[in-house]
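The structure that follows is given in the form of structure tokens.
Note: hydrogens, waters and symmetry copies are ignored here, and every other heavy atom, side chains too, is used. The model shown is predicted, which means the values in this text are computed figures rather than measured ones. Here is the naming used below: chain letters follow the sequence lines, and residue numbers restart at 1 for every chain.
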Protein chains: 2
Amino acid sequence: MVRKTKENAELTRQAIIHAARAVFLVRGVSRTTMEHIAAEAGVTRGAIYWHFKNKIDLFHAMREQVFLPLIDRMDDTLLVEGSDSPLRNIENFLMGTIQILNESIETRQIYEIMMIKCEYVEDFSDVLQQIISNCSGITAKIALTYERARLKGELKEGLNPEQLAQDTNLFFTGLLHMWVKDASGTRFRQQAADLIRFHMQLRAK
Amino acid sequence: MVRKTKENAELTRQAIIHAARAVFLVRGVSRTTMEHIAAEAGVTRGAIYWHFKNKIDLFHAMREQVFLPLIDRMDDTLLVEGSDSPLRNIENFLMGTIQILNESIETRQIYEIMMIKCEYVEDFSDVLQQIISNCSGITAKIALTYERARLKGELKEGLNPEQLAQDTNLFFTGLLHMWVKDASGTRFRQQAADLIRFHMQLRAK
DNA sequence: ATATATACATACATCATTGTATGTAAACAA
DNA sequence: TTGTTTACATACAATGATGTATGTATATAT
């Protein structure tokens, strides 16, 4: 059984991505070898090199499975016109992200890999640029939503939407990082919702 | 020149730590070999294995040089009794940390290594626990200071010091991460001070 | 029905890395 | 002054990892 159908080949590709995630998680990206991934996926390195150019290529494929949906959801949650409570939209977006982390093992593990099991050097260093620009994209959309909240009179007086968005973005960046690092769950994972609510109350009228 | 005096040996030790920092920064911790470090330090692997058990041991030695002073400074800045503005103390602590990152190449590089050039797996995974507990220590001290601020009437009404501290801690965690990733400096490094001021104004009366 | 491209598995050559074992000259203690 | 320990350098043995080259059976196109 050497040559497979297209559907079978796609299954193999997915199996390799899943295997990579599993191995990255326990060994870290750098210490993971193609042989590790192949063994986990039940194939040989030949299969991996057929589907992916090298480890980075595989890494990017894994990353996309989580980040493309994130962008979509953000647009759906934040950029809806004519919402009666933009502030709620922001809160819902943050809550939704946490909820996804809670529900999706896949997403959770990929976040963990990207945050504490990957070294951003050499070929990986350009991922940082993507993260930064991604981040400013998020901030911009949050800022827009804060501006709408201001027009609706939801905000305390004298608060600059742009600065609010930056503060929220940094808060959430920190929360995600601590959420991921808090494997025991006692410190941050359980209270994430409370932290978000408090953060939003700070700026609500 | 084989056997050196104690002072000379200590210099060698420091040279190895410095070299490790330089190499970790460009190659990442995992991809860095003892030979790389030895070459950078102008010694052989023999010297490194004499002073350090292995790469982790060396990593911890490097880390301590930055984090022991941090704890001291935090205590000095936050836990001063009878300050007339606890809120200012918190702001000064955050500002001071950023200032140190700006001024000390060594500190900056070690933060960068720990945040985006190290994979927390296997032997390194217990560092995460240290970070978490370190973090809750910081939050506790900030909470204490917020409580003092509340007693002095510096805070807006109805704000819980503990929650404020958590929010501040997450904000600052996020800021440090973005500060480090923002190598160009344009996004976060230049406006860090403004972001901190805004964050503090959000809770000041 | 045959040719060709596909989806892998296998084999190969090369280089990198680790820990330790051993060597050694100078510092230090007695 | 003579051990003895220190502070390394050198040598060794074993293993791991990469990328590519090659093999091959089957799906698919014509």
Nucleotide nearest A:Arg45 when distance is taken to its side chain, options D:dT20, D:dA7, C:dT18: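 My answer, after comparing the listed nucleotides, is D:dT20.
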Nearest-Å distance for atom pair CZ/P, residues A:Arg13 and C:dT6: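 Roughly 16 Å, once rounded to whole Å.
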For atom CZ of A:Arg31 and atom C1' of C:dA16, their distance in whole Å: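 Distance, rounded to whole Å: 16 Å.
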Protein-nucleotide distance (A:Leu58, atom CG; D:dG19, atom P), rounded to Å: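 To the nearest whole Å, that distance equals 12 Å.
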Atom-to-atom span, OH of A:Tyr49 to P of C:dA11 - whole angstrom: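 So the two atoms are 17 Å apart, to the nearest Å.
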Under-4.0 Å salt bridge between B:Asp76 and B:Arg73: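 No, this pair does not count.
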A:Trp50 vs C:dA7: side-chain N/O to OP1/OP2 distance below 4.0 Å: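 Affirmative; the distance criterion is met.
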Below 4.0 Å: OP1/OP2 of D:dA7 and any side-chain N or O of B:Lys4: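 No, because none of the side-chain N or O atoms of B:Lys4 sits under 4.0 Å from OP1 or OP2 of D:dA7.
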Rounded distance in Å - CE (A:Met34) to C1' (D:dA17):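 After rounding, the gap between these two atoms is 11 Å.
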A:Thr12 side-chain N/O to C:dC8 phosphate OP1/OP2 under 4.0 Å: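 Yes, such a contact exists.
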Under 4.0 angstrom between A:His51 side-chain N/O and C:dC8 OP1 or OP2: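 It does, given that an N or O in the side chain of A:His51 lies less than 4.0 Å from OP1 or OP2 of C:dC8.
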Parallel, tilted or perpendicular, as decided by the 30° and 60° cut-offs, for the rings of B:Phe172 and B:Phe93: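 Judged by the thresholds at 30° and 60°, the geometry between B:Phe93 and B:Phe172 is tilted.
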Rounded distance in Å - CD1 (A:Ile48) to P (D:dT18):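 That distance rounds to 10 Å.
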Face-on cation placement of B:Arg45 at B:Tyr49 ring, 6.0 Å and 45° thresholds: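 No, B:Arg45 does not sit over the ring of B:Tyr49.
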Given D:dT20, C:dT18, D:dC8, the nucleotide with the shortest approach to the side chain of B:Lys55: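 From the listed options, C:dT18 comes nearest.
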Rounded distance in Å - CD (A:Gln14) to P (C:dA7):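 From A:Gln14 CD to C:dA7 P: 14 Å.
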For atom CG of B:Asn8 and atom P of C:dA27, their distance in whole Å: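 To the nearest whole Å, that distance equals 9 Å.
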Net bend of the helix from C:dA1-D:dT30 to C:dA30-D:dT1, end axes of five pairs each, nearest 10 degrees: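 What I find for the helix from C:dA1-D:dT30 to C:dA30-D:dT1 is an axis angle of 10°.
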First of A:Thr32 and A:Gly46 reached from the 5' end of DNA chain D, by closest nucleotide: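 Nearer the 5' end of the strand: A:Thr32.
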Whether B:His199 and B:Phe171 hold their rings parallel, tilted or perpendicular, with breakpoints at 30° and 60°: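 Judged by the thresholds at 30° and 60°, the geometry between B:His199 and B:Phe171 is parallel.
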Nucleotide nearest B:Thr33 when distance is taken to its side chain, options C:dT17, C:dA27, D:dC8: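 The closest nucleotide is C:dT17.
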Touch class at under 4.0 angstrom, heavy-atom based, for A:Thr44 against every strand present: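 The answer is base, as A:Thr44 lies within the cut-off (heavy atoms under 4.0 Å) of a base atom.
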N/O donor-acceptor pair under 3.5 Å between A:Lys152 side chain and A:Leu87 backbone: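 Here the side-chain-to-backbone pair does not exist.
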B:Arg63-B:Gln130 side chain donor-acceptor pair, cut-off 3.5 Å: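 Side-chain D/A pair, B:Arg63 to B:Gln130: present.
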Mutual orientation of the aromatic rings belonging to B:Tyr120 and B:Phe59 [parallel < 30°, tilted 30-60°, perpendicular > 60°]: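 Ring orientation of B:Tyr120 relative to B:Phe59: perpendicular.
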